[in-house]
Amino acid sequence: DGPGPGSQVLNNYFTSVSAVTVLANPVADKVETAQQLYTVGEIVPYAIVVEIPEGVSQSVVVEDLLPAGLEYVSHGFVEGPVGGLVDEPYGGWADIQTLLASGVIGPGGSGVTVGPGSGGDLRIEFGDLTNPADNNVLNDKFLLVVDARVVNELANQAGRNLTNETQLTYTDPESGPILVPDPDGGPTISLIEPVLGLQKSVVLGPVSGLDGGDIVTYEVRIDNTLLNGSTAGAFDAVFTDTLPDYMSIIDLRIVDESGFPLLPDAYFRISDANGGTDNRISTLLPIDFDLRDFIVLQYDARISTSVPPGETLPNSAELTWTSLEDDTNSGDPDGRRDGSDGVLDDGSLNDYRLVDVVPVTIADIGPLTKTIIATSDPNTAAGQHVGTQEDLAIGETATFRVELAFPEVTVSELVISDLLPTAGALDQMSIVSAVLNLAETDQNLSRYPTPVISDTNGDGRNDSVVLTFTAVSYTH
C-alpha cells in the first residue's frame, strides 16, 4: 500500500534503493612512436588506438591534431599488431570494414577532412559505431595509423620538439556532444639535422710568390661530427673542387679516414673542367656520412708556366648534402632539406652547403733596378759633389745596368724604357749605345729583343732606349 515502516497505511512492507552506473565512453589514445628522433623530410608513423565500449556510440569523430612542423601524408586502418608501435592484437570491426568499403573513412573519403600543409589536422567522421555486446575486450578497439612528414620549413631546426595529440568526440543522447582528450597527452618527437664540416688549406708550399712549375699541396677535410653541431647522418654528399686556370692536378690521395676504407678512386675522380688540363676533383657518386665519419684528402697541383705575373688564383671547394637519401622532392616543403638555397647558417631554408676558398698568389715582375757599373774617366768618383751619387765630367760616358727580376710567368707584352732627362741641367746627356748583354741575361727567356734608341723631342740627342718583349715567358 505504501512506503516502508512508519507510514500510516496497512500494507507498508515496502522499501527501495538506487545506484548510479557510469557507462564507459569512447576514447582515442595516440601511443609513443617507435623512435623519438627524426630529421627534415622524414615520415613519422603514428598509431592511434580507438576504444569503443560495447553498445552504440553516436557521431564518433577522431581528430589527429598535427602540430606546426608536421604535415599529413596518409592514414589507414589495421587489425594489428604494428611493429614498433602496437604489440597487442586488435580485432577486426565490421563497421570499420563497411565504412572503408563505402569510401567514407579511407584516404580521400567523404568523411575525411585534412587541413593544408604544416600543422593541418586530420579529421575522420565515423558516424554511429556499434560494438557487439559479447564481453570480448579484444574486439573493443581498432587501430588507426597516420603517417606525417617533418616539413622542410625554416622553423624546423635541430632541437625543436613536436608534440602530436589526438582527440575524440561523440554525442551523448542525454547531454549532447562530448570531447574526450588524449589520455596521455600525445607523444613528442625531437628534430635532428646533419651538419658537415669542410676545411681546406695549403699544407706544403707557399701561398704567395709562386711561379710556373711550382707545386702546391692542398688538404681537404670533410667530417660529420658533434663539434660541427651535427646530430644526424648526412646523405648524398657532393664535393667539388675546381682549380683555377693555370693549375692542374697531378696526384690525389686519402691520408686519414673513418668510414671510407677504400682507395680514393672509389669515391672521387679527377677530370678536365675547362677542356685543357685535369683541374677538377669531385665525388664519383654522392656519398653518405654517418655521424662521426670523416675523410682527409691531399692533392698536388702544378702551376703552369703560362700563368700571368701577379695573378691571384682563388681555389674554391664546395660541399653539399641532404637530410635524407633519394628524395624526389628535394628542397621542397614536402621533401628533404638540401643545399640549393644558400650556405650553412645564412638564414636560408636549404642551407646544406659549404664553400672554402684558399687563394694563392703568383709572383709579380720586379724589382726593376738601374745602376752605373762603369765610366770612361776613372778619375771621377762618387760622392765628390752630391752625396754618394756618381760624378761625371763633361764628355764622359757612363755605362748603366738595368736589371729586371722575371719570375716563371708569361706576359703578352713587356716594355722596359730608360728615358734620359729632356729638360734641366741634365738635358745635354745623350745615349751612345745600348745592347742586351746575353752573358748577363737568363737564358730561359723565350725572346731577346733589340734595344731601340731614339730622340723623343727632336733636339738631336738620343734620350730614350726601349726594349719591347712580346709573348715572353720564362721557364726553368
Engineer: With no hydrogens and no angle check, is any side-chain donor or acceptor of Asn315 less than 3.5 Å from a backbone partner on Pro359?
Structural biologist: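 Flag not set: sc Asn315 to bb Pro359 has no pair under 3.5 Å.
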Engineer: Closest heavy-atom contact between Pro183 and Ala28?
Structural biologist: CD-O, 3.5 Å
Engineer: Between Tyr46 and Tyr72, is the ring centroid distance below 6.0 Å?
Structural biologist: no
Engineer: Mind checking whether Phe260 and Phe268 have ring centres under 6.0 Å apart?
Structural biologist: no
Engineer: Is a side-chain donor or acceptor of Gln36 paired with a backbone partner of Ile189 at a separation under 3.5 angstrom?
Structural biologist: no
Engineer: With sequence neighbours left out, write down each residue that passes ring-ring contact (aromatic ring centres under 6.0 Å, His included) with Tyr352, or none if nothing qualifies.
Structural biologist: Trp321
Engineer: State, yes or no, whether a side-chain contact exists between Leu284 and Tyr267 at a heavy-atom distance under 4.5 Å.
Structural biologist: no
Engineer: Calculate, to the nearest 0.5 Å, the distance between atoms CG and CD1 belonging to Leu414 and Ile416 respectively.
Structural biologist: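 Reported to 0.5 Å precision, the distance equals 5.0 Å.
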Engineer: Does the Ser57 side chain pair with the main chain of Leu129, one donor and one acceptor, at a distance under 3.5 Å?
Structural biologist: no
Engineer: Quick one: does any side-chain atom of Ser323 pair with a main-chain N or O of Thr39 as donor and acceptor, under 3.5 Å?
Structural biologist: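 Side chain of Ser323 to backbone of Thr39: no pair is present.
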Engineer: Counting only N and O atoms by type, is there a donor-acceptor contact under 3.5 Å from the side chain of Asp351 to the main-chain atoms of Leu344?
Structural biologist: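 Side chain of Asp351 to backbone of Leu344: no pair is present.
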Engineer: Do the non-hydrogen side-chain atoms of His75 and Val145 ever get within less than 4.5 Å of each other?
Structural biologist: no
Engineer: For the residue pair Pro67 and Asn164, establish whether any side-chain heavy-atom pair is separated by less than 4.5 Å.
Structural biologist: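 They are in side-chain contact.
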Engineer: Quick one: pull up CD1 in Ile178 and CG in Asp172 and give me the separation to the nearest 0.5 Å.
Structural biologist: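 These two atoms lie 4.5 Å from each other.
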Engineer: Give a yes or no answer on whether the side chain of Asp346 reaches the backbone of Ser348 with a donor-acceptor pair at less than 3.5 Å.
Structural biologist: yes
Engineer: I'd like to know if the side chain of Asn152 pairs up with that of Asp334 as donor and acceptor (distance under 3.5 Å, no hydrogens or angles considered).
Structural biologist: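 No pair is found: no donor N or O on one side chain lies under 3.5 Å from an acceptor on the other.
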Engineer: Would you mind reporting whether Ile281 and Tyr299 have side-chain heavy atoms less than 4.5 Å apart?
Structural biologist: yes
Engineer: Is any side-chain heavy atom of Thr169 closer than 4.5 Å to a side-chain heavy atom of Val180?
Structural biologist: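 Not touching, per the 4.5 Å side-chain cut-off.
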Engineer: Are Lys200 and Glu219 within salt-bridge range, i.e. N to O under 4.0 Å?
Structural biologist: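 No salt bridge links Lys200 with Glu219.
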Engineer: Between Glu125 and Gly127 (side chain of the first, backbone of the second, donor and acceptor by atom type, cut-off under 3.5 Å), is there such a pair?
Structural biologist: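 Here the side-chain-to-backbone pair does not exist.
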Engineer: Return yes if a side-chain donor-acceptor contact under 3.5 Å exists between Asn224 and Ser230, otherwise no.
Structural biologist: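 Note: Asn224 and Ser230 side chains meet the donor-acceptor criterion.
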Engineer: If you take all heavy atoms of Pro407 and Ile365, which pair is closest and at what distance?
Structural biologist: CD-CA, 3.9 Å
Engineer: Establish, from distance only, whether the side-chain atoms of Asn161 and Ser190 form a donor-acceptor pair under 3.5 Å.
Structural biologist: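 Yes, a side-chain donor-acceptor pair sits under 3.5 Å.
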Engineer: Using every non-hydrogen atom in the two residues, find where Glu153 and Arg337 come nearest and quote the distance to one decimal.
Structural biologist: O-NH2, 2.7 Å
Engineer: Decide yes or no for Asp223 and Leu196: does some side-chain heavy atom of the first lie under 4.5 Å from some side-chain heavy atom of the second?
Structural biologist: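 A side-chain contact under 4.5 Å is absent here.
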Engineer: If you compare all heavy atoms of Glu408 against all heavy atoms of Val307, which two are closest, and at what distance to 0.1 Å?
Structural biologist: O-CG1, 4.1 Å
Engineer: Got Val44 and Asp147 here, is their nearest side-chain heavy-atom distance under 4.5 Å?
Structural biologist: no
Engineer: Check whether the side chains of Ser330 and Asp338 place a donor and an acceptor atom closer than 3.5 Å, and report yes or no.
Structural biologist: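 There is such a pair (donor and acceptor under 3.5 Å, judged by atom type) between the side chains of Ser330 and Asp338.
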Engineer: Decide side chain to side chain contact (heavy atoms under 4.5 Å, CB included) for Ile124 and Val61; before the verdict, give the C-alpha distance in whole Å, the side-chain angles of both, and the deciding distance to 0.1 Å.
Structural biologist: CA-CA 6 Å; Ile124 303 177; Val61 177; over 6 Å; no
Engineer: Cut-off 3.5 Å, side chains only: do Asp300 and Thr217 have a donor facing an acceptor?
Structural biologist: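 On atom types as modelled, these side chains qualify, holding a pair under 3.5 Å.
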Engineer: Only one of Asp64, Asp182, Thr163, Asp184 clears side chain to side chain donor-acceptor pair (under 3.5 Å) with Lys30; which?
Structural biologist: Asp64
Engineer: Looking at every non-hydrogen atom in both residues, tell me the closest pair between Leu70 and Val151 and how far apart they are.
Structural biologist: C-CG2, 3.8 Å
Engineer: Can you name the side-chain hydrogen bond (donor to acceptor under 3.5 Å, both in side chains) partners of Asp245, sequence neighbours left out?
Structural biologist: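 Asp245 satisfies side-chain hydrogen bond (donor to acceptor under 3.5 Å, both in side chains) with Asn274 only.
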Engineer: Once rounded to the nearest 0.5 Å, what's the spacing between atom OG of Ser340 and atom CG of Leu349?
Structural biologist: 7.5 Å
Engineer: First locate atom CE of Met247, then atom CG of Asp278, and finally report the distance between them rounded to the nearest 0.5 Å.
Structural biologist: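 Going from the CE atom of Met247 to the CG atom of Asp278 covers 13.5 Å.
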Engineer: Please tell me if the side chains of Thr361 and Val207 come closer than 4.5 Å, counting only heavy atoms from C-beta onward.
Structural biologist: no
Engineer: Are any side-chain N or O atoms of Gln157 and backbone N or O atoms of Leu154, one a donor and one an acceptor, separated by less than 3.5 Å?
Structural biologist: yes
Engineer: Partners of Arg302 by salt bridge (Lys or Arg N to Asp or Glu O under 4.0 Å), sequence neighbours excluded?
Structural biologist: none
Engineer: Around atom CZ of Arg253, are there more than 12 heavy atoms of other residues, nucleotides or ligands at under 6.0 Å?
Structural biologist: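 It does: Arg253 CZ has more than 12 such atoms within range.
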Engineer: Among residues at least two apart in sequence or on other chains, which ones pass side-chain hydrogen bond (donor to acceptor under 3.5 Å, both in side chains) with Gln167?
Structural biologist: Glu63
Engineer: Roughly how far, to the nearest 0.5 Å, is OH of Tyr170 from OG of Ser59?
Structural biologist: 11.5 Å
Engineer: Any idea which heavy atoms bring Leu99 and Phe126 closest together, and the distance?
Structural biologist: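 Where Leu99 meets Phe126 most closely, the heavy atoms are CD1-O, 3.6 Å.
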Engineer: Quick check: does any side chain N or O of Asn156 sit under 3.5 Å from a backbone N or O of Gly69, one acting as donor and the other as acceptor?
Structural biologist: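 Indeed, once roles are kept as given, a pair shorter than 3.5 Å links the two residues.
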Engineer: Can you name the salt bridge (Lys or Arg N to Asp or Glu O under 4.0 Å) partners of Asp29, sequence neighbours left out?
Structural biologist: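 So Asp29 forms no salt bridge (Lys or Arg N to Asp or Glu O under 4.0 Å) with any residue.
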Engineer: Measure the spacing between CG of Asn228 and CG of Leu291 and express it to the nearest 0.5 Å.
Structural biologist: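 The CG atom of Leu291 is 9.5 Å from CG of Asn228, to the nearest 0.5 Å.
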Engineer: Which residues pass the salt bridge (Lys or Arg N to Asp or Glu O under 4.0 Å) test with Asp236, sequence neighbours left out?
Structural biologist: Arg336
Engineer: For Glu318 and Phe239, indicate whether the former's side chain and the latter's backbone hold a donor-acceptor pair under 3.5 Å.
Structural biologist: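 Not at all, since once roles are kept as given, no pair shorter than 3.5 Å links the two residues.
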